[in-house]
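Take a look at the structure set out below.
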Amino acid sequence: SHMKKSLFFILGLSVLLGIAPSVFADGVNGPVQSIDASKNEIIVRDSASGANKAVSVHPKIISTLQPGSVVKVSLKPGTNAANTVEVEIG
């Protein structure tokens with residue numbers, strides 16, 4: 001039970017510090033670099049790593065995005081398919 005408390009503390013701390021360890025979450029946050037509507041795919045520059053990542057997105061969602069949109073994407077575990085896409089308005 002002490003181990004569980006430590007783990008929750010670490011998770012809570014990483015949330016407080018705004019760190020999203022890739023171990024805990026499959027996702028990518030950052031600006032949309034490009035959109036390929038024919039493949040239902042967007043390229044997002046991951047703010048954490050600086051790497052470009054391809055993400056498969058539902059056609060209804062892709063039509064609302066544009067290059068430069070800052071998105072927070074959660075991925076279906078083990079895939080590059082978007083589970084949820086949040087767009088930052090700002």
Report task. Identify the heavy atoms of E41 and A54 that sit nearest to each other, and give their distance. Result -> CD-CB, 3.8 Å

Report task. For S49, enumerate each residue passing the side chain to side chain donor-acceptor pair (under 3.5 Å) test, keeping only those at least two apart in sequence or located in another chain. Result -> D46

**Report entry** All side-chain contact (heavy atoms from CB on, under 4.5 Å) counterparts of L75, not counting sequence neighbours
**Finding:** D26, V55, V73

Query raised in the report: Hey, any chance V70 and V57 share a hydrophobic cluster, counting ILVMFWY side chains that come within less than 4.5 Å of each other, even indirectly?
Result: no

Report task. With sequence neighbours excluded, tell me which residues meet salt bridge (charged side-chain N to carboxylate O under 4.0 Å, His left out) with D36. Result -> none

Query raised in the report: When clusters are formed by joining ILVMFWY residues with side-chain heavy atoms under 4.5 Å apart, either directly or through shared neighbours, do I43 and I61 land in the same one?
Result: no

**Report entry** salt bridge (charged side-chain N to carboxylate O under 4.0 Å, His left out) contacts in which one or both residues fall within residues 56-71, not counting sequence neighbours
**Finding:** none

Requested in this report: Can you run down the side-chain hydrogen bond (donor to acceptor under 3.5 Å, both in side chains) pairs that involve residues 68-87, sequence neighbours left out, and say none if there aren't any?
Outcome: S74-T84

Report task. Indicate yes or no: at least one non-hydrogen side-chain atom of V71 is less than 4.5 angstrom from one of N29. Result -> no

Requested in this report: Of all the heavy-atom pairs spanning S47 and P31, show the shortest one and how long it is.
Outcome: OG-CD, 4.3 Å

Query raised in the report: Hey, does I42 have a side-chain heavy atom less than 4.5 Å from the side chain of I62?
Result: yes

Query raised in the report: Any side-chain heavy atom of V44 within less than 4.5 Å of one from V28?
Result: yes

